[in-house]
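Below is one structure, written out as structure tokens; comments come after it.
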Amino acid sequence: MVFVNGRVITMDSDTPRAQALAISDGKIVALGSDEEILAYQGSSTRVVDLDDRTVLPGFVDAHNHVFNDASRYGGGMTFEQAQELALSGGTTTMADMFINEHYLEEMQSFAQDGSLRIRTSLYLTYTDNCGKLTGDWFLDHPPVLDSPEMLRIPGVKMFLDGGTCGRPALSVELPEGGMGDLFLSEAELAEALERVNEAGYQAAIHAIGDRAVETALNAIETATDASSKNFRPRIEHNIFVRPEHFARYGELGVIPVVVGNHKVCRFIDAGGVVDIGEFAHTWHRPLRSLVDANPGLPIAWHSDVPYFADNLVRPISDLAWMVTRRGFRPDGTVCEPPDWYLAHAVTAEEALQFMTSNSAYALFMEDMVGSLAPGKFADIVVLSQDPLNIEPNLLIETEVHATMVGGRFEYCLIGQEFCS
Ligand SMILES: [Zn+2]
């Protein structure tokens with residue numbers, strides 16, 4: 001198949017832009033101008049005219065709960081329906097972050113049936129969301145890091161502070177009193193990191209409050225096993241980060257996995273986080289500061305669907321939020337962000353890196369997904385407009401016209417003929 005007459009954003013610094021691409025056997029063969037790519041045309045080649053649409057690598061959601069919460073939180077959806085929704089948003093790779101023994105079995109049989117159409121990585125529980133240790137069960141399911149597998153097991157997830165259970169661990173008093181719940185001490189976490197890394201798993205540490213972030217960074221630094229530092233440790237959420245910790249991620253090689261959305265209107269209309277205090281102005285979802293303090297560090301995106309998000313799966317709204325920091329009320333009216341909040345915005349280019357190549361790195365999949373280059377999987381999303389060449393407030397209007405995984409159209413917007 002060849003795609004021509006488009007705007008291809010590769011997220012690969014060697015060839016950032018192309019007009020056309022050729023794919024074969026589920027992989028990208030070449031990128032270039034229309035003329036260069038049409039040279040690959042044979043008698044059985046399907047030629048797709050993009051008609052100036054934009055092609056990006058499919059979105060890589062480094063952390064969500066699309067499958068494991070489908071039935072509980074997604075309105076009683078089946079795995080198949082949840083997957084369909086994720087594909088309609090342009091997600092081609094994702095990681096499901098709360099896998100206990102029960103869900104692992106369900107996911108494995110779903111994949112064995114051939115029903116899994118999104119590349120999925122599973123993170124097995126080390127603790128539950130209340131911080132209770134869930135035992136050694138994960139050791140019976142060895143890591144699977146090979147990129148070509150549709151279902152992989154890269155790591156283990158531990159909750160370090162409150163969120164869905166208990167309160168985030170902060171270093172200041174919460175409005176309701178107390179400083180939140182820290183589930184593991186620095187020494188306990190350091191020991192946990194050594195155990196999981198020794199067994200070959202990556203560690204993904206949930207930390208919402210600044211005291212949890214600090215504990216996670218300290219534990220990674222003090223873990224005596226060198227692999228704890230080299231195994232791409234991830235800190236999930238990073239909602240409150242103290243300025244003295246911004247640069248420590250890069251110094252320690254820790255991947256910040258940042259949330260790409262926020263119920264902006266809820267906190268603007270209700271006072272919300274502003275009431276916690278002035279400190280929140282520099283600490284709260286500090287995407288800009290994390291980028292500036294850590295040149296070259298891959299900061300990864302996660303939707304955390306269905307938590308944090310208003311929609312089930314809509315990467316485009318995450319992209320728009322990261323760039324504009326605006327919110328929308330149910331009636332469509334805009335919630336304009338205060339200046340301190342807008343100061344943490346990133347550029348569309350930076351946000352797209354979070355959502356593709358950086359998230360692929362967070363999953364050990366950068367050799368196959370997250371950018372478009374010869375030899376990588378033909379996992380792409382076709383958009384109605386070019387997010388790098390429009391006014392930021394129009395990003396939210398970008399439509400997903402098609403989603404392709406491994407060279408197959410897995411989603412085609414009704415009315416779009418090029419993919420049907
Ligand atoms: Zn989560």
Side-chain angles (χ1 to χ4, degrees), residues 59-74 77 79 82-83 85-86 89 91 93-100 102-104 106-107 118 120-132 134 138 152-169 180-184 189 192 196 201-209 212-213 216 232-241 254-263 285 287 299-315 317-318 321-322 354-355 358-359 362-363:
F59 296 117
V60 179
D61 190 346
H63 167 155
N64 68 32
H65 306 273
V66 165
F67 285 121
N68 67 14
D69 290 333
S71 55
R72 282 189 294 163
Y73 299 99
M77 279 189 298
F79 277 2
Q83 172 171 254
L85 265 172
T91 300
T93 295
M94 64 192 190
D96 208 302
M97 295 306 283
F98 193 83
I99 297 295
N100 57 25
H102 168 71
Y103 280 117
L104 179 61
E106 284 194 18
M107 283 304 302
I118 294 183
T120 302
S121 295
L122 306 179
Y123 285 72
L124 312 181
T125 59
Y126 190 88
T127 70
D128 70 9
N129 58 329
C130 300
K132 189 170 153 285
T134 50
F138 62 87
R152 304 162 68 252
I153 304 178
V156 164
K157 153 100 175 275
M158 55 276 280
F159 287 79
L160 188 52
D161 69 344
T164 51
C165 174
R167 303 293 298 145
D181 305 299
L182 190 71
F183 297 146
L184 298 170
L189 180 60
V196 305
Y201 303 96
Q202 180 192 30
I205 307 164
H206 159 118
I208 290 181
V213 168
R232 301 190 188 176
R234 307 170 31 153
I235 299 181
E236 314 296 309
H237 311 311
N238 309 280
I239 302 294
F240 294 100
V241 184
V254 176
I255 302 167
V257 182
V258 299
V259 190
N261 52 66
H262 188 199
K263 293 172 179 172
R285 298 169 192 260
L287 303 193
I299 296 172
W301 160 72
H302 75 301
S303 72
D304 212 14
V305 163
Y307 307 107
F308 294 112
D310 287 318
N311 301 296
L312 188 57
V313 190
R314 216 178 152 230
S317 65
D318 283 29
W321 175 79
M322 287 191 273
F354 295 179
M355 301 174 80
N358 292 4
S359 285
L363 297 172

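We count residues from 1, following the sequence as given. Whatever order the structure lists ligands and atoms in, that order sets their numbers, starting from 1.
- In D304, the N, O or S atom that comes nearest to the Zn ion (ligand 1) is OD1.
- Considering the Zn ion (ligand 1) as centre, the angle to NE2 of H63 and to NE2 of H65 is 110° (10° rounding).
- Between S303 and N64, the closest side-chain pair of non-hydrogen atoms falls below 4.5 Å.
- Residues meeting the side-chain hydrogen bond (donor to acceptor under 3.5 Å, both in side chains) test with N129, sequence neighbours left out: T164.
- Note on E236: not counted as a metal contact of the Zn ion (ligand 1), no N/O/S atom lying under 2.8 Å.
- Partners of A95 under the side chain to side chain contact (heavy atoms under 4.5 Å, CB included) rule, at least two apart in sequence or in another chain, are M97, S121, Y123, L363.
- Between H302 and H237, the two ring planes are tilted [angle within 30° to 60°].
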